[in-house]
Chemist: 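Handing you a structure now.
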Amino acid sequence: MSLIESIFYMIWRGIAIGILISAPMGPVGIFCIQRTLDKGRRAGFFTGVGASLSDLFYCLLTGFGLSFIESFLERNHDIIQLAGSAVLIAFAIYLYRKNPAGSLRTPSSSEKLSPRKDILGGFLFTFSNPLILFLIIGLFARFNFLMPEIRFYHYIIGFLFILVGAIAWWWFVTFAVDKVRSHFNLRSMWLINRIIGTIILIFAIVGIVTSILSLTGQ
């Protein structure tokens, strides 16, 4: 494989992995959509950037410590799932209690935004679910991302484009959601918060029940 071929190999695989890690509409995707509707596209996008950075962190862990990561997850799978479910329950309660009235206006350009807080929120929300490592391991295997003949600088390119792919996905999602936000009224925003909160709560309950059953050996 020539230098150009190997670089192109890592670029398109990195973009594909980045998109596929972000695309499943789980709790993080729902959180990003809620931020977009609540605070505007910029807040939602920066939340997605934070989620992308967390995904990149887990990709790096997987790439440079695959055997350790697999054994750690196997030993602590249920405890990790319980902790992640607790975070989801807290966010679901927040949505249920939130007043949606402020979500209907489009934030003005002069309004003070906090990209750092949005990025940190997205990062921590994604970081609280390390079970995404199973998805990353599967994607790395599917796309033959970890190969003996690939050099270190190729991996730097690959990981960089994983981040590019993930951020591109969140750019698209927040763009689409922002385009339809004007069609919502107060009641629809209230319903959206409740629906999103319910979905996240279901994720959490399923995670808790699954973990408890596994811990008790049933």
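Heads up: numbering here begins at 1 and tracks the sequence.
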Chemist: What I'd like to find out is whether the side chain of R41 reaches to under 4.5 Å of the side chain of W171, using heavy atoms alone.
Modeler: yes
Chemist: Give the minimum heavy-atom separation between V177 and T36, together with the two atoms involved.
Modeler: CG1-CG2, 3.8 Å
Chemist: Taking all non-hydrogen atoms of both residues, which atom of T126 and which atom of D55 are closest, and how far apart?
Modeler: CG2-OD1, 3.4 Å
Chemist: For the side chain of S54 and the backbone of G50, is there at least one donor-acceptor N/O pair under 3.5 Å apart?
Modeler: no
Chemist: Kindly state whether the ring of F45 and the ring of F175 have centres lying under 6.0 angstrom apart.
Modeler: no
Chemist: Please report the interatomic distance CG(L53) to CG(L120), rounded to the nearest 0.5 Å.
Modeler: 10.5 Å
Chemist: Heavy atoms only: give me the nearest G121-F31 pair and the separation to one decimal.
Modeler: O-CE2, 3.9 Å
Chemist: Among I21, L20, I19, which one satisfies side chain to side chain contact (heavy atoms under 4.5 Å, CB included) with I17?
Modeler: I21
Chemist: What are the two closest heavy atoms between W170 and G48, and how far apart are they?
Modeler: CD1-O, 3.1 Å
Chemist: Quick one: pull up OG in S52 and CG in L163 and give me the separation to the nearest 0.5 Å.
Modeler: 6.0 Å
Chemist: To the closest 0.5 Å, what do you measure between CZ (R35) and CZ (F46)?
Modeler: 12.5 Å
Chemist: Is the closest side-chain heavy-atom distance between T47 and I119 below 4.5 Å?
Modeler: no
Chemist: Measure the acute angle between the ring planes of F127 and F57, then classify it against the limits of 30° and 60° as parallel, tilted or perpendicular.
Modeler: tilted
Chemist: Supply the atom-to-atom distance I157 CD1 to F8 CZ, rounded to the nearest 0.5 angstrom.
Modeler: 13.0 Å
Chemist: Is there a side-chain contact between D118 and K39, using heavy atoms and a 4.5 Å cut-off?
Modeler: yes
Chemist: Do you know which two heavy atoms are closest between I136 and Y58, and how far apart they sit?
Modeler: CD1-CB, 3.6 Å
Chemist: Which pair of heavy atoms, one from G44 and one from C32, lies closest together, and at what distance?
Modeler: O-SG, 3.0 Å
